[in-house]
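Report on the structure given below.
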Amino acid sequence: MQKRRYSVKASKLVSKMTLQEKASLLSGGDFWHTKAVERLGIKPYMMCDGPNGLRKQVGEPDHLGSRESIKTVCYPGACAVASGFNVELAEKLGQTLAKECRREEVSMLLGPGLNMKRSPVCGRNFEYYSEDPYLAGKIAAAYVKGVQSENVAACPKHFAANNQEYRRMSGNSTVDERTLFEIYLSAFETVVRDSQPKSIMCSYNMLNGTFLSENRYMLTEVLRDKFGFEGFVVTDWGAGKGPAKGVEAGVDLVMPGEGDDHEKAIIKAVEDGELDEAVVDKAVCRLLDALMWTDKAPEEDKVSSAAFRKAQYQLAKELAEDSAVLLKNNRVLPLKKESRVLFVGEFAKNPRYQGSGSSHINSASVSNALDAAKTRKVSFAPGYDTKDPSKGYILREEAIKAAEDVDVIVIFAGLPGDYESEGFDRTDINLPSEQNKLIAELASLGKKTVVVMHNGAPVSMPWIDSVDAVLDMQLSGDAVGDATVSILWGDVNPSGKLAETYPIKLSDNPSFLNFPGDRGNPVYAEGVYIGYRYYEKKRMPVLFPFGHGLSYTEFEYSNLKISKSSITDQDTVKVSVDVWNIGRYAGKEVVQLYVSPNESRASRPLKELKGFKKVELAPGETKKVTFTLDKRAFAYYNVDIHDFFVESGDYTIMVGASSSDIRHTVPVHVEGIVELPRNFTLFTPIADILECSAGKKIVKPIIDEIMKKHRESMDNPEAMGAGADKMFENMILEMPILSLASFGMFTTEEVQKMLEKIN
Ligand code: BGC
């Protein structure tokens, strides 16, 4: 049981409060603030979306929080930030956002979003990091660390199993225990253990039949007791249900606040004896501790507004450049200075750079590639009109004509703004057909063709084999145009890697048959096989694999070493590898480490990401990259012990440049020190009993004897066909141990005694 700590200050304050004052603090004051208790000097605290910029509404809050917000810098979305595989930059992003919160007197930033990308069509995937919980957890933890370094509370969201927009407010996600802990809670666990966020937002949906906002198991037993979360839980906006059940379950703050219904209901629940006032006190303590912590500003920020804005934009550009993924390159990029280039596509002028919904930023200034390339030899043709597809034919003809006198065609494609949003999911992964036609037609002209993509989630690319290069900018914020041009002409060497698999078609995705589920009640039937875990196990071809991303230079990996070749699951093992830049350009490489169990009794993915490091190397330079692996790198979640468990056995450590580009492997033996409980019954198959040493000792000789007698008694061993011997042996192993009695070899009491000895 996790020890709960509250500050003396919070406890003292609470002891001075009336029940009404306490209840008032547990529901918001308006859309964006907590309530004040002036008598005790408690001010209203403001919280704002995030997470890829500060969305602080101007003027009085409205009922839906949809009014105009302040003009500021929009950073790349979480989809792009994760593709950077860069924890330092994620932390810097968090810190810079928090500095702006301080300037704007905002105490809490509602982010990051770290739900897993179960399906590529979830409308909010652009706001989420990855299909891999290790990556999502590490990036989120760095971001939270950055935010909280300025005493601004971070609020990872949406806890949990909220992986679609359809019926996001009422749907019931059915997820088995192992899948939940291994995949859907793991990033939240990491963010809590590594960075202790001051707050966590519980989601709207139900999990296994209970709304998250009333789910005591999830909010108290898992989040607090198991993971060690010490902050407060806030509901997603409007997710609060019955107050007594909510507070009891572990919800501390219900947002937004309109009127005093929630407050009155808490008072009534306490007065009726439905809710213990001590539970209310704890919730208020947790809330005050976190909020009052935000009162302590670190150092005063003396940077002028203009200089701060400049630094914000610089960071947005650095992030956009760091996260762009070069998916394909047949030696056409970087572009040559002297090449005549045609930019085609509306997005070259009006880029798509962020998603819609509560994370939408009122951008101060957005760069576009056409302006950013104005000193280069670039001409332009619109190519398509996202608002009026009927213009497609004429615009394509114009583009084909404009391409006559150029050396390279760069097509700016992607998903229009109304394709990706909070509140609804996509129905397919196609680009608008006008764009697909445009790319196919331009690619057939025999000129070098480059496609620059703007998308917050995977799209299919039916033209992939006929273009020379694809640069995926994803949704890369205000600096999109500047960053794209720096990469196209090689001022910056791309170094992003896909944080999610790009499937060939939507129906390849493991959740396809169960997304969005009957009436929005998804059953996560694919289990732990999300993203690459599934495609790899099925040996299924994909468009681009997880972790894939090219560079203008080349990296060679050598000298993979581990500190010990055999460990127990209580030890750690160090892994090191040398990475050498053998090309002509300086560049960054994301070194990825995967662990694969050689054998397992559980159904396990072929391999899983357990480490990554981004390193920068000058041409000719070599750096040693090191990782430390602990128990979790080898474990899976075992439902018999309700915990992560390491099977004793051999594992392979794999190091490479993507999930499908493993450069070196090294074996390691891991001895698990936990024995699984042996609750064998009369109905346990003999095979299971033989797996434990005591069972083997007692039962194996009996089975050997049975087999021997059986073979001796057979005059024709193939009387039941060639497989008869194997069938018989298997039958024995599959039988419940009680069968030793049914077949008259022992009495039931004797079998029972045997089991007592083994258990
Ligand atoms: C969203 C949250 C957001 C909140 C406040 C909700 O609808 O799901 O992510 O933080 O609104 O805008």
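As the structure lists them, so they are numbered: ligands from 1, and atoms in each ligand from 1. Numbering of residues begins at 1 and proceeds along the displayed sequence.
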Ligand 1 and E127, any nitrogen or oxygen pair closer than 3.5 angstrom?
->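 No.
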Note: R168, heavy atoms under 4.0 Å from ligand 1, region reported as side chain
Numbered atoms of ligand 1 (with element) below 4.0 Å of [X], judged on heavy atoms:
X: K157; value: 2 (C), 3 (C), 9 (O), 10 (O)
X: M201; value: 10 (O)
X: E422; value: 1 (C), 6 (C), 7 (O), 8 (O)

Crowded around K56 NZ? As in, over 12 foreign heavy atoms under 6.0 Å?
-> yes
Is the number of heavy atoms from other residues, nucleotides or ligands within 6.0 Å of CG (D518) greater than 12?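 Not buried by this count: 12 neighbours or fewer within 6.0 Å.
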To the nearest 0.1 Å, how far is [atom] from its closest protein heavy atom, and which atom is that?
atom: atom 12 (O) of ligand 1; answer: D49 OD2, 2.5 Å
atom: atom 7 (O) of ligand 1; answer: Y204 OH, 2.9 Å
atom: atom 4 (C) of ligand 1; answer: D236 OD1, 3.6 Å

Practice item. Look at ligand 1 and say whether R55 reaches it with a heavy atom at a distance under 4.0 Å. Key: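 No.
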Query raised in the report: So is H158 close enough to ligand 1, meaning a heavy atom under 4.0 angstrom away?
Result: yes
Just say parallel, tilted or perpendicular for the rings of W32 and W237, cut-offs at 30° and 60°.
->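 Plane angle between 30° and 60°, so tilted.
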- May I ask you to establish whether K226 and F181 are in a cation-pi arrangement, using a distance under 6.0 Å from NZ or CZ to the six-membered ring centre and at most 45° from the ring axis? yes
Item checked: Over-ring placement of K241 relative to F211, 6.0 Å and 45° cut-offs ->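 Yes, a cation-pi geometry holds between K241 and F211.
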query: Are Y184 and Y524 close enough that their ring centers fall under 6.0 Å?
result: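 Yes, close enough.
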### Query
Taking the six-membered ring for Trp, is the centroid-to-centroid distance between Y534 and Y529 below 6.0 Å?
no
